[in-house]
Amino acid sequence: ETAEVGRFRARAYFVMADAQARQEKHEEARRLFAEALEKYPNSPLRPDLLFGNAVSAFVLEDYQTVVGLLVPFVSEFGENPNLENAHYFLAYSYLRQTSFQEAADWFGRLAEGYPQSDVAAECLFQRGESFFNMQNYAEAAVAYERILATYPESEFADDAMYNQGWCYFEMERVDEALQRFGKLLSRFPSSSYAPSAQFTLADYAFNEKDYDSAGAGYQAVIERYADSDLAAEARELLVELEEIRAYLRYEEAMALFDAE
């Protein structure tokens with residue numbers, strides 16, 4: 001067939017495959033995209049066929065195929081308008097396969113290459129999560145800090161601050177961890193992480209035998225976050241704290257008695 005006929009038929013395949021994908025018939029869409037790529041590998045529509053096939057594969061949770069399609073896509077078509085989306089699908093495909101280092105790399109590439117993107121903060125957060133899952137807490141903390149510095153009003157800011165606190169705990173940088181949890185409470189008092197941050201501060205004080213601070217912290221959980229799951233646990237710990245205080249008062253009284 002002539003080149004012109006080949007272009008026409010490749011276009012027909014693309015239109016049919018795209019129509020199937022729009023109707024969420026992704027198995028059929030993939031078959032058509034793949035057939036077109038096999039028959040017309042040098043078509044000007046090759047980037048659209050690769051990307052469309054990858055999107056349908058992603059919807060079908062065939063993440064290995066997504067990677068196999070999009071890695072060459074990114075390599076071959078550096079100026080394509082779908083390049084940002086290709087990074088996004090690649091990063092999440094690696095993440096879903098628990099290939100955390102590769103996920104972190106692709107999330108980082110997207111955030112660096114497209115800092116104005118609507119998903120830049122999300123990608124930095126997922127980069128941090130990927131490092132956290134690898135127990136690379138130092139790199140995770142850096143990723144979370146970039147969110148707080150660059151996208152402080154994003155929906156991921158409180159997540160980043162909370163997780164950064166746990167990174168510091170894991171690195172035994174306790175003062176910084178406590179500071180992060182305290183800052184979260186002051187900056188994001190309505191965050192879904194606020195009850196846990198308050199409870200963690202109280203728990204740390206309890207373990208350090210700073211019973212006054214612990215009691216105040218548990219009481220704050222009860223008063224501010226009465227509907228949270230931690231409120232009931234805080235009530236139980238307040239009872240335990242009172243028993244400890246009673247015992248300490250008894251010990252103090254006995255020491256005074258013995259001294260007399």
Side-chain angles (χ1 to χ4, degrees), residues 47 50-51 53-174 176-177 179-181 183-184 187-188 191-193 196-197 200:
L50 280 172
F51 186 76
N53 199 355
V55 172
S56 286
F58 188 88
V59 173
L60 294 169
E61 301 182 1
D62 184 357
Y63 302 119
Q64 189 171 354
T65 294
V66 176
V67 170
L69 290 165
L70 289 185
V71 168
F73 175 91
V74 171
S75 176
E76 292 178 39
F77 307 109
E79 301 299 322
N80 190 276
N82 282 317
L83 197 61
E84 177 187 339
N85 291 328
H87 281 71
Y88 188 82
F89 286 122
L90 265 172
Y92 270 104
S93 293
Y94 279 120
L95 184 64
R96 301 281 167 78
Q97 296 177 91
T98 65
S99 298
F100 295 121
Q101 183 61 61
E102 290 82 359
D105 290 344
W106 283 99
F107 281 125
R109 290 184 197 185
L110 198 159
E112 289 290 338
Y114 304 91
Q116 304 305 317
S117 168
D118 291 341
V119 298
E122 174 189 347
C123 287
L124 283 174
F125 180 74
Q126 293 297 351
R127 178 173 166 83
E129 294 290 270
S130 297
F131 281 126
F132 196 98
N133 282 317
M134 289 188 287
Q135 299 182 359
N136 186 343
Y137 302 115
E139 287 295 338
V142 169
Y144 296 138
E145 183 59 34
R146 283 195 57 200
I147 296 172
L148 297 170
T150 312
Y151 309 102
E153 303 304 319
S154 83
E155 63 180 297
F156 296 95
D158 60 331
D159 306 68
M161 190 173 290
Y162 180 77
N163 288 0
Q164 191 180 52
W166 284 111
C167 286
Y168 289 140
F169 262 131
E170 293 290 348
M171 291 188 286
E172 299 183 357
R173 293 161 59 176
V174 174
E176 289 167 277
Q179 184 270 340
R180 270 298 179 238
F181 289 134
K183 190 169 183 179
L184 186 146
R187 184 171 168 187
F188 304 105
S191 167
S192 60
Y193 297 102
S196 181
T200 300

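- In this structure, CD in Q97 is found 9.0 Å from CD in E102, a value given to the nearest 0.5 Å.
- Here the CG-OG distance, from L70 to S75, works out to 12.0 Å after rounding to the nearest 0.5 Å.
- In this structure, F132 has its ring center under 6.0 Å from that of Y137.
- The distance from the CZ atom of R127 to the CG atom of D105 is 6.5 Å, given to the nearest 0.5 Å.
- Here the two rings, on Y63 and F58, have centers that are under 6.0 Å apart.
- For the residue pair Y168/Q179, the side-chain donor-acceptor check at 3.5 Å is not satisfied.
- Side-chain contact between Y144 and D159: absent, with no pair of heavy atoms (C-beta onward) separated by less than 4.5 Å.
- Pairing each heavy atom of C167 with each of A141, the nearest pair is SG-N, 3.9 Å.
- Minimum interatomic distance between A157 and L148 (heavy atoms only, all atoms of both residues): O-CD2, 3.4 Å.
- A donor-acceptor pair shorter than 3.5 Å cannot be found between the side chains of S191 and Y162.
- Salt-bridge check for R180 with E145: passed, with a basic side-chain N closer than 4.0 Å to an acidic carboxylate O.
- Between I147 and S154 the shortest side-chain heavy-atom distance falls below 4.5 Å.
- Using a 4.0 Å cut-off between charged nitrogen and carboxylate oxygen, E176 and K183 do not count as a salt-bridge pair.
- Looking at Y88 and Q126, their side chains never bring a donor and an acceptor atom within 3.5 Å of each other.
- Taking 4.5 Å as the limit, every side-chain heavy atom of F156 sits out of range of all side-chain heavy atoms of L124.
- Atom CD in E84 sits 5.5 Å away from atom CG in L110 (nearest 0.5 Å).
- The two residues A86 and F51 make their nearest non-hydrogen contact at N-CE1, 3.8 Å.
- Here the two rings, on Y92 and F107, have centers that are under 6.0 Å apart.
- The two atoms that bring F188 and P152 nearest to each other are CZ-O, 4.4 Å, heavy atoms only.
- Counting only N and O atoms by type, the side chains of S130 and Q101 include no donor and acceptor under 3.5 Å apart.
- E155 CD to F125 CZ: the interatomic distance, rounded to the nearest 0.5 Å, is 10.0 Å.
- For the atom pair CZ (R109) and SG (C123), the distance works out to 13.0 Å, reported to the nearest 0.5 Å.
- Annotation: side chain of N136 is not in contact with side chain of F100 (no heavy-atom distance under 4.5 Å).
- Taking the six-membered ring for Trp and the full ring otherwise, the centers of W106 and F89 sit at least 6.0 Å from each other.
- With a 4.5 Å cut-off on side-chain heavy atoms, L90 and F73 do not count as touching.
- The minimum heavy-atom distance linking N80 with N82 is given by the pair OD1-N, 2.8 Å.
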Evaluation steps, side chain to side chain contact (heavy atoms under 4.5 Å, CB included), between R187 and D158:
CA-CA 9 Å; R187 184 171 168 187; D158 60 331; over 6 Å; no
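- Closest approach of G78 to L83, counting heavy atoms only: O-CD2, 3.1 Å.
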